[in-house]
4 protein chains.
Amino acid sequence: VTRDQAHPYRVDDRIRQGFTRQGLMTHLGAELIDAHNGVVTIRLQHRPELSQHRGLMHAGALSAIADTAGGFAALSLMDEGSDVLTVEYKLNLLAPADGDHVEARGTVLRSGRTLTVCQLDVWAVDGDRRTAVAVGQQTLIRTEARADA
Amino acid sequence: VTRDQAHPYRVDDRIRQGFTRQGLMTHLGAELIDAHNGVVTIRLQHRPELSQHRGLMHAGALSAIADTAGGFAALSLMDEGSDVLTVEYKLNLLAPADGDHVEARGTVLRSGRTLTVCQLDVWAVDGDRRTAVAVGQQTLIRTEARADA
Amino acid sequence: VTRDQAHPYRVDDRIRQGFTRQGLMTHLGAELIDAHNGVVTIRLQHRPELSQHRGLMHAGALSAIADTAGGFAALSLMDEGSDVLTVEYKLNLLAPADGDHVEARGTVLRSGRTLTVCQLDVWAVDGDRRTAVAVGQQTLIRTEARADA
Amino acid sequence: VTRDQAHPYRVDDRIRQGFTRQGLMTHLGAELIDAHNGVVTIRLQHRPELSQHRGLMHAGALSAIADTAGGFAALSLMDEGSDVLTVEYKLNLLAPADGDHVEARGTVLRSGRTLTVCQLDVWAVDGDRRTAVAVGQQTLIRTEARADA
């Protein structure tokens, strides 16, 4: 909470453009709600197309937005000629993703010349109630942005 | 290859029913092509709705089918009163997922009373050429299947 | 820092007894400096017996104390009839472990009936300077303590 | 087994020299028994100095030799001017490490210009019986070897 007060929501143009080009984010219905200075938050409304066999939100949907949040968090600290690729990530699922929607946040822990390490957090949100549903760690590598991308 | 010859493709009814109930697998366009005796393979055709910002298949899509393959591989060794939840998983991305489609395979490494550990493998397939694009490890926990599920 | 002020160092007797029985902790020269209420901190002085081939502290030594800190953090929230086993853990190494000594802290993120999830943090300490050298996540399972253990 | 027949044990000089310089490997009593061409195996005899609080071999000891095996497996495929650092690893513990000794094997899965990914396997060995006790994945980064190292 303290942290969120110190980090008002804002979306950098470059991150918005990258997000908009991701077919999967649109297909899942994900929204970019915060993206600057090493922290990125993505929101995903629950709907039947995102469920596993019991009707809960599928871990794969949580992973997709968590991985994306970490990737853009890393990118938000790099210059315009850079792009990133996920090297690996690990996610612990803590609780079922009940509720109205989920939010995934990627936060840069270490930003190196070649590698970036992010913390990943996913919460289920139901009105005022937030429940931690997943935590993770992610490693990313800086690459050259392609002119045509 | 040797392994595949010893393990002909076949899909158990119970796994097919569970797979069919997963809204996300349908929404992504995933197909269950092998599911019995601790090994499950899922195929996913590449299309624009699954891309990241460079047009490659999104790591989140790979994760979703890899996590699902491991989950059903675990379930395929349990009795009818059981269900599984993913506790955690970790995925290393080895190469861009180029090609026509990808295949994710979950293989049970250890099947305990409470916990199951799976190996996850994802390949990009282009005609006869298969390229490893991701490898992972996954931990799952057995739960009681709900009568209403 | 805020956190440490809210959590004064104290070592529960049961955790101290378990720690003392770990041959590896004594062999490495590790000290238990804080252990109660879901948070455990272990200190390890650098010496040549703990080095890798460049003279830095070996990642295996960092892992050993991080895994132990998480295990006892989990145990500190359980009743006397319980013991824990590590199911899995993942560690990202952020920086070389220079300095006089390192401190590993395990913090319980989720304490369930069967599974516990911990955050792992390792710092290199050199006088007043603390540098994060590793972060990790760990999953543990509750078992029955053996009468003879 | 098939694999071991195709890969006779042999230790490259450069890997032996690096191993010998690791204070921790000597302190734990670890032996390098195979090290060439992307595969490295390390053996560790059980003794009280390596135990956790129940007398089993400590997961930290298993981790130390698994991480080292992967690191030298990566190095065995690089030229003389290179060194490696572990970026991260993840280990699943499958069974208690009973028996006379354990063997950890690191195998390179992907060898890139910057990053290497290894599979880690640890077995407990008791006479002719081998039991898988841990499996893992590891990411390493190539660095310049220092002239003075």
Side-chain angles (χ1 to χ4, degrees), chain A residues 15 17-30 46-68 70-72 75 83-96 104 134-141 143 145-146 148-149, chain B residues 15 17-30 46-68 70-72 75 83-96 104 134-141 143 145-146 148-149:
Chain A
I15 306 300
Q17 288 164 20
F19 187 85
T20 304
R21 278 203 302 271
Q22 293 209 340
L24 185 64
M25 289 299 105
T26 305
H27 192 53
L28 297 178
H46 193 21
R47 51 195 184 113
E49 289 90 337
L50 304 180
S51 68
Q52 37 88 287
H53 56 290
R54 283 180 179 186
L56 298 170
M57 196 182 286
H58 197 293
L62 304 179
S63 303
I65 59 168
D67 171 54
T68 305
F72 283 123
L75 192 64
D83 202 346
V84 291
L85 286 172
T86 300
V87 171
E88 60 85 34
Y89 70 92
K90 180 248 207 288
L91 209 62
N92 268 80
L93 300 160
L94 304 177
V135 291
Q137 284 180 209
Q138 181 190 33
T139 309
L140 305 111
I141 189 165
T143 64
R146 297 189 201 145
D148 58 346
Chain B
I15 306 301
Q17 287 164 20
F19 187 85
T20 305
R21 278 202 302 271
Q22 293 208 341
L24 184 64
M25 289 299 105
T26 304
H27 192 53
L28 297 178
H46 193 22
R47 52 195 183 113
E49 289 91 335
L50 304 180
S51 67
Q52 38 88 287
H53 56 289
R54 284 179 179 187
L56 298 170
M57 195 182 286
H58 198 293
L62 304 179
S63 302
I65 59 168
D67 171 52
T68 305
F72 283 123
L75 191 64
D83 202 345
V84 291
L85 287 172
T86 300
V87 170
E88 61 83 36
Y89 70 92
K90 180 249 207 288
L91 209 63
N92 269 80
L93 300 159
L94 304 176
V135 292
Q137 285 180 206
Q138 181 190 33
T139 309
L140 306 112
I141 189 165
T143 64
R146 298 189 200 143
D148 59 346

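Chain A is the first sequence line, chain B the second, and so forth, proteins listed ahead of strands; every chain is numbered from 1. Side chains are part of it too, since the values below use all heavy atoms of this structure and drop only hydrogens, waters and symmetry mates.
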Seminar exercise, completed: So, the part of A:T26 with a heavy atom under 4.5 Å from chain B: the answer is neither
Exercise. Quick one: what part of A:D67 sits under 4.5 Å from any heavy atom of chain B, side chain, backbone, both or neither?
Worked result: side chain
Problem set entry | Closest-packed option against chain A by number of heavy-atom pairs under 4.5 Å, given B:E88, B:Q137, B:R47 |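 Most pairs with chain A among the choices: B:E88.
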For this session: Mind ranking B:G55, B:P48, B:A66, B:G60 by heavy-atom pairs under 4.5 Å with chain A and telling me who comes out on top?
Result: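 It is B:G60.
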Seminar exercise, completed: Value for NE2 (B:H58) from OG1 (A:T86), rounded to nearest 0.5 Å, stands at 8.0 Å
For this session: State the CG-CG distance between B:L24 and A:L62, to the nearest 0.5 angstrom.
Result: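 Atom-to-atom, B:L24:CG and A:L62:CG are 9.5 Å apart.
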For this session: Identify the two heavy atoms, one from B:L28 and one from A:L28, that lie closest to each other, and give their separation to 0.1 Å.
Result: CD2-CD2, 4.5 Å
Seminar exercise, completed: Note: A:R21 and B:S51 closest approach over all heavy atoms is O-OG, 4.2 Å
For this session: Just say parallel, tilted or perpendicular for the rings of B:H27 and A:H27, cut-offs at 30° and 60°.
Result: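 Ring orientation of B:H27 relative to A:H27: parallel.
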Problem set entry | Heavy-atom pair count under 4.5 Å with chain B, highest-scoring of A:Q22, A:M57, A:K90 |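 Maximum pair count with chain B is reached by A:Q22.
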Problem set entry | side-chain contact (heavy atoms from CB on, under 4.5 Å) partners for B:A30, two or more places apart |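 Listed in chain order: B:F19, B:M25, B:I42, B:L44, B:I65.
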For this session: With sequence neighbours excluded, tell me which residues meet side-chain contact (heavy atoms from CB on, under 4.5 Å) with A:L56.
Result: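 Per chain and number, A:L56 pairs via side-chain contact (heavy atoms from CB on, under 4.5 Å) with A:Q52, A:P96, A:D98.
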Exercise. Considering only heavy atoms from C-beta outward, does the side chain of A:L91 approach that of B:L91 to under 4.5 Å?
Worked result: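 No; the side chains remain at least 4.5 Å from each other.
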